[in-house]
Amino acid sequence: MSEIEEIIKEYDNFMPPLSEPMARALEAIRAPQADTRALSRLLLQDTILASKTFKLVNSAYFSGTSRQLASINKALMSLGAMKVKNIIIALVLQKLYDDEGLKNLFPHSIACATACEFLANEYKTINPDDAFILGFLHDIGMVILKSKHSDSYVSMYNECKGDYETLLENEKATFGISHCELGAKLCEKWELPKVLVDTIRYHHSPKEAKIPFAAGIVYLADRIVSIKPDIMSVDQTVLDYLQVSLSDTVNLREKILAKSGIFLRELSDF
């Protein structure tokens, strides 16, 4: 057994147990396409989840929604099954992020997902609905590190003051593994798509990824919505490698954070 495998084995007991809704949400991620019947059944069985979903479906987050949608079937027809699936996955996993993760991890993940969706639409590199999930789950490894190491990981994260490169170095030096590697291993355990595993593993080094455009979109989104955008500048060599150009990132950041803020505000009433 390799050193990294030994480290992963130590974290097995800290992998979060899956509630039934979470297991269903992960099953939805595994499916190449959204199953409208399965989504309908899931919402029918969970009235709170259904209420949250309808609130978001009818919110300004989806600017194309001009009228109130009263049923899941109408929502699926109006927005598309993939968008509804993304909402459900984010809502189901919110408890995991809030209970086990860092204080602002869920809001950051929603912001990153929103940015990924925007960039995927802008550059036509990957499907925007797929991009949303890649962005939402990119820091899932932090959930496990914080769950196992609690206050020591929170202190490490805060001391890095938004500098991801320093955080990665400190994670490796202290725990023997980074949140990128651990998150990828978690998604492998959950048998999630390979593109998701690859993107999580390389979202800070997209040129090393097997699918660089997927990891690259998350890399860019993560930096656009980062806590310290002045510190987390985008590596020009990554932009050149992806053949992407960014302009007026300040305005773009404000637009994305405003949109993701709608998502979060709609949940505040629950």
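Since the model is a prediction, treat every value here as computed from it, not as a measurement.
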message = Taking K210's backbone N and O only, do any of them form a donor-acceptor pair with D198's side chain (distance below 3.5 Å, no angle check)?
response = yes
### Message
We want to know whether H179 and E171 form a side-chain donor-acceptor pair, criterion being a heavy-atom distance below 3.5 angstrom.
### Response
yes
- Is any side-chain N of the basic residue among E254 and K259 closer than 4.0 Å to the acidic one's carboxylate O? no
When rounded to the nearest 0.5 Å, the distance separating CG of L105 from CD of E100 is 11.5 Å
* Asked: Between N86 (side chain) and D129 (backbone), is there a donor-acceptor pair under 3.5 Å?
  -> yes
Original post:
After noting the C-alpha distance and the side-chain angles of D130 and V195, does the key distance pass the side chain to side chain contact (heavy atoms under 4.5 Å, CB included) rule?
Top reply: CA-CA 10 Å; D130 293 336; V195 61; over 6 Å; no
Please determine whether residues V197 and W190 belong to a single hydrophobic cluster, defined as Ile, Leu, Val, Met, Phe, Trp and Tyr linked transitively by side-chain heavy-atom distances below 4.5 Å.
no
When rounded to the nearest 0.5 Å, the distance separating CG of L182 from CG of D139 is 11.5 Å
query = Do F132 and M82 come close enough that some side-chain heavy atom pair is under 4.5 Å?
reply = no
* Would L56 and L91 count as a side chain to side chain contact (heavy atoms under 4.5 Å, CB included) if you check the C-alpha gap in whole Å, the side-chain angles of each, and the deciding distance to 0.1 Å? -> CA-CA 10 Å; L56 282 163; L91 293 178; 3.7 Å; yes
- Task: Check whether the ring centres of H149 and F175 lie less than 6.0 Å apart, and answer yes or no.
- Result: yes
Between the NE2 atom in H203 and the SG atom in C116, the distance rounded to the nearest 0.5 Å is 10.0 Å
Any L134 side-chain heavy atom under 4.5 Å of E117 side chain: no
task: Report, as yes or no, whether the 6.0 Å neighbourhood of atom NZ on K207 holds more than 12 heavy atoms from other residues, nucleotides or ligands.
output: yes
I want to check a possible cation-pi pair here: K146 against Y157, using under 6.0 Å from ring centre and within 45° of the ring axis as the test.
no
### Query
Is there side-chain contact between S109 and L137, with heavy atoms separated by less than 4.5 Å?
no
Is a donor from one side chain sitting under 3.5 angstrom from an acceptor on the other, for E266 and S59? no
Taken to the nearest 0.5 Å, the spacing of L49 CG from I88 CD1 works out to 5.5 Å
- Go through T199 and I211 one step at a time and tell me if the side chain to side chain contact (heavy atoms under 4.5 Å, CB included) criterion holds. CA-CA 7 Å; T199 297; I211 310 174; 5.6 Å; no
Please tell me whether Y97 and F136 form a close aromatic pair, meaning their ring centres lie under 6.0 Å apart. yes
Taking every heavy atom of A209 against every heavy atom of P212, the minimum-distance pair comes out as O-CD, 3.6 Å
Discussion item. Quick one: does any side-chain atom of R201 pair with a main-chain N or O of C180 as donor and acceptor, under 3.5 Å?
Written reply: no
Fill in: Test of ring centre spacing under 6.0 Å for H138 and H108
yes
*Can you find a side-chain donor-acceptor pair between T166 and K161 that sits under 3.5 Å?*
no
I87 side chain reached by Y61 side chain, heavy atoms, under 4.5 Å: no
> Is the backbone of S178 close enough, under 3.5 Å, to the side chain of E181 for a donor and an acceptor to pair up by distance?
Replying inline: yes
Tightest non-hydrogen contact, residues G216 and L242, listed as CA-CD1, 3.6 Å
Is there a side-chain contact between I224 and F118, using heavy atoms and a 4.5 Å cut-off?
no
Separation between SG (C112) and CZ (R223), nearest 0.5 Å, reads 10.0 Å
Note to self: Main chain of S152, side chain of S155: is a donor-acceptor contact present, judged purely on distance under 3.5 Å?
What the structure shows: no
* To do: Please examine the side chains of L96 and I140, heavy atoms only from C-beta on, and report whether any two atoms are closer than 4.5 Å.
  => yes
Scanning both residues in full, the closest heavy-atom pair of L119 with A221 reads CD1-N, 3.8 Å
query: Is the closest side-chain heavy-atom distance between V154 and N158 below 4.5 Å?
result: yes
The reported gap from CD1 in I217 to CD in E122 (rounded to nearest 0.5 angstrom) is 9.5 Å
- Query: Any donor-acceptor pair under 3.5 Å linking the side chain of K124 with the backbone of N121?
  - Reply: yes
- Would a hydrophobic clustering, with Ile, Leu, Val, Met, Phe, Trp and Tyr connected at side-chain separations under 4.5 Å, put L168 with V225? no
With side chain to side chain contact (heavy atoms under 4.5 Å, CB included) as the test, would you mind laying out the steps for F106 and L264 before giving the verdict? CA-CA 9 Å; F106 183 74; L264 297 169; 3.7 Å; yes
TODO: Using modelled atom types only, decide if a donor and an acceptor are shared between the side chain of D222 and the backbone of V218 within a distance under 3.5 Å.
DONE: no
Check: If only atom types and distance count, is the side chain of T114 paired as donor or acceptor with the main-chain N or O of I110 below 3.5 Å?
Finding: yes
Q) Does one hydrophobic cluster hold both I144 and Y202, with members joined at side-chain heavy-atom distances below 4.5 Å? A) no
